[in-house]
Amino acid sequence: MRCIRVHLAYMGRLGLTMVKYDSEKHTFNSVQNARFKFSCLFAVALISSGYLIWRSPMDYSVYKFDSKIFDITIFIINTIITNTIYIILPLQCYCKHHQLANSLNALLINDSILRRLALLVGKEPPCYTEATYFSFIMRWDGIFFFSFFFCSYFMKNWVIDEFVHLQLSVCIYLAMDLALGWTLGLCCVVMLVGIEQLSHIIDLLLKASDERAIAPELISPILWDVYDRVTIHVRKDLSQYCGPIVVLFTSLFVLECAISLVDLGGLLYDGSDLDMSLIAVGALWLLFDFKKFIVPLLLSECLKQKVEETALCTRHFDDYRLQNTRAAKQIQKFLLKNLHQKKKFSACGFFDIDNTVIYMVFSSIVTYLVILIQFKQLETDLTQAGDGYNVTSNVSTVQP
């Protein structure tokens, strides 16, 4: 499980996690001075969020020439939701770091058990190749994202009078987005490790069933314990750790998509005066947010399917040699307990983190889009009505 330790080490350098691996005790524990580190991180998040909210009306006036009250209000609301996520992030990292440590220790116990069983039956131990590559890609993807957008906004804002304030806002957004990406990436790495362990359970069960290298009544209770740690302990603790973050980020992503569609419609049909370079950079930012949104959903769905596959693989033990034996009773008990229970990651009980969220998000984007278009059209109509009234008043005043 070196991939998790390395990912935690990178996050620890930025103060994003309160959990580290203790090489002496071979467990995941809280970092030293966790409360002090949380206080510093939370203070930085509060100050940065307050600065961004204070600067949001001024930054909007620089980036967009259209200063309608509707657009400014939506920009400020988007800024507030974004900063809410970045305030919740350090709170979750500290308040739920015990749950994270418990889930990682559960995987660590599973890893040691699976390695011993693999040695016993003559099979390769778990290697977690996919989790290792994914962790590497997520770390460097975040660094590339930070560097690319920092340079893009630097060249864009260089000629603007308020360059320092704008670039400081950009740096805060990028640092916060890096923290969010690495935190969600850690949850994804944990799920990949869980998938690998469940796959190893299936391989061991099939090998025990086909070759009879070890008695099923001896190996099955141990593997069921491994299964329960992934489906119960890891699922529950990880849902508590990342659930609020997923809920808020999903809300932000829905609003960002709706706003981007409104801006695109204004650019194509109304001839809105928008900077094409800002549109391109905003589209790339939205693409990276889509990546952070869709990857946890797909991995959670894969984990759910692997859980069901693991429960169903016990059918390979259903033969005449196990009838009315202790192993048969263990298998029946396991199936009754797990086969009809849905093992899903939950986002604070609001929704299950799986493929169904995609349809929910799509419908929410359409709803937000209709609401935004209606309010934008209402403001346009009121503005035109006001201009017409002023023109009429001026004409009537000039005439003799």
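- Nearest heavy atoms, L52 versus T79: O-CG2, 3.9 Å.
- Closest of all the heavy-atom pairs between S48 and M176 is CB-CE, 3.4 Å.
- The OG1 atom of T250 sits 8.5 Å away from atom CD1 of I85, with the distance rounded to the nearest 0.5 Å.
- Y86 is listed as a side-chain neighbour of T82, based on a closest heavy-atom distance under 4.5 Å.
- Proximity of L100 to L186: side-chain heavy atoms (C-beta onward) are separated by under 4.5 Å at one or more points.
- Residues F154 and V170 fail the side-chain proximity criterion, which asks for heavy atoms closer than 4.5 Å.
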Query raised in the report: Which is it for Y51 and H165 under the side-chain hydrogen bond (donor to acceptor under 3.5 Å, both in side chains) test, yes or no, and what are the steps along the way?
Result: CA-CA 10 Å; Y51 175 81; H165 288 290; 3.0 Å; yes

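- A side-chain contact (heavy atoms from CB on, under 4.5 Å) with P90 holds for exactly one of L16, L46, L41; it is L41.
- Under 3.5 Å, the side chains of S239 and R235 contain no donor-acceptor pair of N or O atoms.
- Considering D22, N102, L8 in turn, L8 is the only one that fulfils the side-chain contact (heavy atoms from CB on, under 4.5 Å) rule with F28.
- Cluster annotation: F42 is not connected to I47 through the hydrophobic network of ILVMFWY side chains, with a link wherever side-chain heavy atoms come within less than 4.5 Å.
- The distance between the ring centers of F144 and W140 does not fall below 6.0 angstrom.
- Of all the heavy atoms in K306 and L198, the pair that sits closest is CG-CB, 3.5 Å.
- Across all non-hydrogen atoms, the minimal contact from R115 to P125 is NH1-CB, 3.5 Å.
- When all heavy atoms of N83 and S49 are compared, the pair lying nearest together is OD1-CA, 3.0 Å.
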Requested in this report: Evaluate side-chain hydrogen bond (donor to acceptor under 3.5 Å, both in side chains) for R35 paired with S39, printing each intermediate quantity in order.
Outcome: CA-CA 6 Å; R35 185 171 299 179; S39 301; over 6 Å; no

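- Each of I259 and F362 belongs to its own hydrophobic cluster when Ile, Leu, Val, Met, Phe, Trp and Tyr are linked at side-chain heavy-atom distances under 4.5 angstrom.
- Between I88 and L91 there is a side-chain heavy-atom pair separated by less than 4.5 Å.
- A distance of 9.0 Å separates OG of S169 from CH2 of W54, quoted to the nearest 0.5 Å.
- Counting heavy atoms from C-beta on, the side chains of N110 and Y227 never come closer than 4.5 Å.
- Atom-to-atom distance recorded for L238:CG and S103:OG is 5.5 Å, nearest 0.5 angstrom.
- Closest non-hydrogen pair, G181 versus K292, comes out as CA-CD, 3.6 Å.
- Residues passing the side chain to side chain donor-acceptor pair (under 3.5 Å) test with D237: none are found, sequence neighbours excluded.
- In the hydrophobic clustering of ILVMFWY residues, with side-chain heavy atoms under 4.5 Å counting as a link, M360 and L297 come out together.
- In this structure, C93 SG and F38 CZ are separated by 9.5 Å, a value rounded to the nearest 0.5 Å.
- Note that the OG1 atom of T183 and the NE2 atom of H7 stand 7.5 Å from one another [nearest 0.5 Å].
- Note on Y133 and M11: separate hydrophobic clusters, where clusters join Ile, Leu, Val, Met, Phe, Trp and Tyr whose side-chain heavy atoms are under 4.5 Å apart, directly or indirectly.
- Taking CD of Q305 as the start and CD1 of I195 as the end, the distance is 9.0 Å to the nearest 0.5 Å.
- For the residue pair Y128/H200, the side-chain donor-acceptor check at 3.5 Å is not satisfied.
- The side-chain contact (heavy atoms from CB on, under 4.5 Å) test with D177 is passed by exactly one of F146, F288, W285: W285.
- Residue E130 places its CD atom among 12 or fewer non-hydrogen atoms of other residues, nucleotides or ligands, all under 6.0 Å distant.
- There is no side-chain donor-acceptor pair under 3.5 Å between N29 and Y21.
- Under a hydrophobic-cluster definition in which Ile, Leu, Val, Met, Phe, Trp and Tyr are linked whenever side-chain heavy atoms come within less than 4.5 Å, directly or via other members, L286 and V366 are assigned to different clusters.
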